[in-house]
Number of protein chains: 2
Amino acid sequence: MFSKSCKYGIRAVLFLASLETGIRAGVKEIATELNVPAPFLAKILQQLAKAGLISSVKGPGGGFYLSPENADSNLSEIINCIDGPDLLHACVLGLPACSHKHPCPLHVQANAFRQGLKFQLEHQIIKDLALSIKKEHLNL
Amino acid sequence: MFSKSCKYGIRAVLFLASLETGIRAGVKEIATELNVPAPFLAKILQQLAKAGLISSVKGPGGGFYLSPENADSNLSEIINCIDGPDLLHACVLGLPACSHKHPCPLHVQANAFRQGLKFQLEHQIIKDLALSIKKEHLNL
DNA sequence: TGTAAAAAGGATAAAAACATCCTTTATTGA
DNA sequence: TCAATAAAGGATGTTTTTATCCTTTTTACA
């Protein structure tokens with residue numbers, strides 16, 4: 001479903017979202033917390049920061065965090081940033097010519113299905129997820 | 001969503017399903033038809049044949065085909081054979097410890113979603129798909 | 001019985017994903 | 001200003017997926 005990069009990315013964003021406002025976390029801290037390789041995670045965080053989905057400051061006391069704006073983004077944006085738009089848009093069977101006009105055998109089913117997925121992902125706002133993480137002590 | 005192997009595999013099975021009963025197709029023919037690399041497809045067909053999801057005969061005039069029993073299998077079985085059960089069963093965020101008891105932040109949503117996907121995939125019977133392919137002249 | 005056809009199986013190669021390491025840049029605080 | 005900290009960026013290595021090639025086995029048929 002999601003690449004490893006994408007899973008790490010989502011988890012990292014959710015971790016940042018569950019921090020107190022004003023607190024930043026460094027790569028090492030996040031990597032330890034999520035139990036994922038730090039240098040690899042660093043690349044992913046860079047990518048998310050470059051895309052404006054998370055925020056960062058360099059230097060002592062620096063690290064990554066979510067601005068209020070960042071916390072308003074949704075899962076779809078994170079996934080799209082890391083894995084690209086194919087999950088929701090490319091033909092499930094990989095046919096380049098697949099379209100409403102020339103559908104593949106799974107086109108109708110896949111589309112109906114992905115409309116639902118798309119809706120869900122676009123309505124999973126980071127800050128809301130963070131709330132339920134805190135409330136229900138969920139794992140990351 | 002699906003690996004390339006899995007996409008090729010599904011398409012190949014659907015192609016075999018759309019053949020007249022009694023007709024067999026060789027790797028090269030299938031590969032040409034689907035526009036995928038023949039040696040790679042051969043490996044996938046072998047895997048499906050070994051698992052009993054498609055049938056094959058060696059020698060002159062041989063090739064791959066679907067027995068009536070094969071045509072009664074569903075998409076879930078094909079996908080499970082090639083990509084394994086993770087799509088429907090592993091934690092979407094890749095957490096080894098994720099469970100109903102210790103859920104990840106997406107556990108509930110993912111589960112609801114995948115129940116639907118699972119149901120759909122298990123009810124997409126190959127021979128039914130083949131019928132709609134013929135009727136609606138769908139691409140493979 | 002021998003030859004050709006076609007799948008099965010094994011070994012190898014190329015590309016992509018995953019992961020690490022080192023240098024540079026920005027920032028803080030002494 | 002200088003040293004330390006931490007992200008950014010670039011280069012490199014490893015593993016998995018994707019793809020190719022060659023040999024072996026099975027089968028049909030002349």
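Below, chain A is the first sequence line, B the second, and so on; all start at residue 1.
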**OP:** Please state how far atom CD in A/Gln46 lies from atom C1' in D/dG9, giving the value in whole angstrom units.
**Re:** 6 Å

**OP:** To the nearest 0.5 Å, tell me how far A/Phe2 CZ sits from A/Ile10 CD1.
**Re:** 4.5 Å

**OP:** Check the distance between D/dA6's C1' and A/Tyr65's OH and give it to me in whole angstrom.
**Re:** 14 Å

Subject >> First of A/Cys6 and A/Gly59 reached from the 5' end of DNA chain C, by closest nucleotide >> reply: A/Cys6

Original post:
What is the distance from atom SG of A/Cys104 to atom CZ of B/Arg11, rounded to the nearest 0.5 Å?
Top reply: 9.0 Å

Name each donor-acceptor pair under 3.5 Å that joins a side chain in residues 74-82 of chain B to protein atoms two or more places apart or in another chain, with its distance.
unit_1	atom_1	unit_2	atom_2	d
B/Asn74	OD1	B/Ser76	N	3.0
B/Asn74	OD1	B/Glu77	N	2.9
B/Asn74	ND2	B/Glu122	O	3.3
B/Glu77	OE2	B/Asn74	N	3.0

Original post:
Among residues 27-45 of chain A, which contact DNA chain D at a heavy-atom distance under 4.0 Å?
Top reply: A/Val27, A/Lys43

**OP:** Please work out which of the three classes, parallel, tilted or perpendicular, describes the rings of A/Phe40 and A/Tyr8, given edges at 30° and 60°.
**Re:** perpendicular

**OP:** Take atom CD1 of A/Ile54 and atom C1' of D/dA8, then tell me their distance rounded to the nearest Å.
**Re:** 12 Å

**OP:** Check side chain to side chain donor-acceptor pair (under 3.5 Å) between B/Gln124 and all other residues, then give those that pass, not counting sequence neighbours.
**Re:** A/Gln109

Subject >> Phosphate OP1/OP2 of D/dA6 contacted by A/Ser56 side-chain N/O (<4.0 Å) >> reply: no

Original post:
Does B/Ser5 place a side-chain N or O at less than 4.0 Å from the phosphate oxygens OP1/OP2 of D/dT18?
Top reply: yes

Original post:
How long is the line joining NZ of B/Lys50 and C1' of C/dA8, in whole Å?
Top reply: 9 Å

Original post:
Does OP1 or OP2 of D/dA19 have a side-chain N or O of B/Tyr8 closer than 4.0 Å?
Top reply: yes

**OP:** Please figure out whether B/Pro60 or A/Val57 has its closest DNA chain D nucleotide nearer the 5' end.
**Re:** A/Val57

**OP:** Using atom NZ of B/Lys4 as one end and atom P of C/dA17 as the other, report the distance to the nearest whole Å.
**Re:** 10 Å

Subject >> B/Asp83 CG to D/dT17 C1', straight-line distance once rounded to whole Å >> reply: 11 Å

Subject >> Donor-acceptor under 3.5 Å (A/Asn70 side chain, A/Gly52 main chain) >> reply: yes

Subject >> Separation of D/dA7 P from A/Leu16 CG (nearest whole Å) >> reply: 11 Å

Original post:
Are the side chain of A/Arg24 and the backbone N or O of A/Gly62 linked by a donor-acceptor pair below 3.5 Å?
Top reply: no

Subject >> Separation of C/dT24 C1' from A/Lys58 NZ (nearest whole Å) >> reply: 8 Å

